[in-house]
Amino acid sequence: MYTASVLTISDKCYEGIREDLGGPAVREILESAGYVVEYMSTIPDEQDMIEQTLIKCADELDIALIVTTGGTGFSNRDVTPEATIAVCTRLTPGIPEAMRAESLKITNRAILARQQAGIRGESLIINLPGSPKAARENLYAVLPALEHGLEMLRGEKRDCAV
């Protein structure tokens, strides 16, 4: 299967004020789906640090799937989507659209979700909400399609019709 990283974006988790529940929940789902989680980190809500870590995971560690949890809300400190957009060469709008559509079945607050997804090199970056419950729901909404996307991105499949 593919390599993955899980990045928790949270000032409170980074400072040790709050226990990180989202990152371990995402890791468990990915490992159950066959991904090898090679890197995990907790990062404060600082755009430059988020960007640097995303670049490290994609360019240096060659991680296939980079998943963030947190920093996608309306707070002035929530800058994960902006960091993701800044480091990606191509956005993949269908992924956050699918997550929001699925979340709308659960809560009308899904319209407030600002997560993004995109491609950097041969890595797919996906933002999930910070809430462990919402992170799980959003990841489950897109997980079945990710393997095919990674096959195409990594050059293992050249034709979607096959």
Q | Sidechain-backbone polar pair: Thr80 side chain, Gly70 backbone, donor-acceptor under 3.5 Å | A | yes
Q: Taking atom types as modelled, find out whether Thr72 and Asn127 have a side-chain donor-acceptor pair closer than 3.5 angstrom.
A: no
Q. Going hydrophobic residue to hydrophobic residue with side-chain gaps under 4.5 angstrom, can you get from Ile119 over to Ile66?
A. no
Q. Within a strict 4.5 Å, meaning less than it, do heavy atoms of the Ser5 and Leu61 side chains meet?
A. no
(Q) Ile125 vs Gln116, test: side-chain contact (heavy atoms from CB on, under 4.5 Å). Steps then yes/no. (A) CA-CA 8 Å; Ile125 302 170; Gln116 292 290 327; over 6 Å; no
Q.
To the nearest 0.5 Å, what is the distance between OH on Tyr35 and CD1 on Ile63?
A. 12.5 Å
Q) In terms of hydrophobic clustering (I, L, V, M, F, W, Y; side-chain heavy atoms under 4.5 Å; direct or indirect links), are Ile29 and Ile106 co-clustered? A) no
(Q) With heavy-atom distances below 4.5 Å as the criterion, would you say the side chains of Leu65 and Tyr2 are in contact? (A) no
Q) How about Gln52 and Lys56: do any of their side-chain heavy atoms sit closer than 4.5 Å? A) no
Q) Shortest non-hydrogen contact from Gly73 to Arg114? A) O-NE, 2.7 Å
Q) Do you know the tightest heavy-atom contact between Ala86 and Glu51? A) CB-OE2, 3.4 Å
Q) Taking atom CD of Glu28 as the centre, does the number of heavy atoms from other residues, nucleotides or ligands within less than 6.0 Å exceed 12? A) no
Q) Looking at Ala113 and Arg100, what are the two nearest heavy atoms and their distance? A) O-NH1, 3.3 Å
Q) Leu139 and Thr69: side-chain contact (heavy atoms from CB on, under 4.5 Å), yes or no, with the steps? A) CA-CA 10 Å; Leu139 184 54; Thr69 177; over 6 Å; no
(Q) Can you tell me how far apart CG (Asp78) and CD (Gln115) are? Round to the nearest 0.5 Å. (A) 11.5 Å
Q | Heavy atoms of other groups near Tyr14 OH, more than 12 under 6.0 Å | A | no
Q. What is the minimum heavy-atom distance between Ser10 and Thr42, and which atoms define it?
A. O-CG2, 4.3 Å
Q | Common cluster, Val37/Leu7, ILVMFWY with side-chain heavy-atom separation under 4.5 Å | A | no
Q: Could you tell me which non-hydrogen atom of Pro129 sits nearest to which non-hydrogen atom of Ala135, and how far apart they are?
A: O-CB, 3.5 Å
Q. Under the 3.5 angstrom rule, does the side chain of Ser131 hit a backbone N or O of Ala134 as a donor-acceptor pair?
A. yes
Q: Could you grab the distance from atom CD1 of Ile9 to atom CG of Leu128, nearest 0.5 Å is fine?
A: 11.0 Å
**Q.** Shared hydrophobic cluster for Ile43 and Val67 (ILVMFWY, side-chain gaps under 4.5 Å)
**A.** no
Q: Begin from the C-alpha positions of Arg77 and Asp11 and carry the test salt bridge (charged side-chain N to carboxylate O under 4.0 Å, His left out) through to its verdict.
A: CA-CA 9 Å; Arg77 302 272 306 151; Asp11 288 332; 2.9 Å; yes
Q: Using modelled atom types only, decide if a donor and an acceptor are shared between the side chain of Arg154 and the backbone of Glu122 within a distance under 3.5 Å.
A: yes
Q. Can any side-chain N or O of Arg120 pair as donor or acceptor with the backbone N or O of Val87 at less than 3.5 Å?
A. yes
Q.
Using 0.5 Å steps for rounding, measure from the CG atom of Asp20 to the CZ atom of Arg27.
A. 11.5 Å
Q: Could you check Ile126, Ile50, Leu54, Thr53 and say which one makes a side-chain contact (heavy atoms from CB on, under 4.5 Å) with Thr68?
A: Leu54
Q. Does the side chain of Thr3 reach to within under 4.5 Å of the side chain of Asp62, using non-hydrogen atoms?
A. no
Q) Which heavy atom in Ala98 sits nearest to a heavy atom in Ala141, and how many Å separate them? A) O-CB, 4.3 Å
Q.
Please tell me whether Met99 and Leu91 are part of a single hydrophobic cluster in this structure, the criterion being side-chain heavy atoms less than 4.5 Å apart.
A. no
Q: Please round to the nearest 0.5 Å and tell me the distance separating atom CG of Leu146 and atom CG of Leu153.
A: 11.0 Å
(Q) Distance check, rounded to the nearest 0.5 Å: Glu82 atom CD versus Ile85 atom CD1? (A) 6.0 Å
**Q.** Side chain to side chain, Met1 and Leu150, heavy atoms closer than 4.5 Å
**A.** no
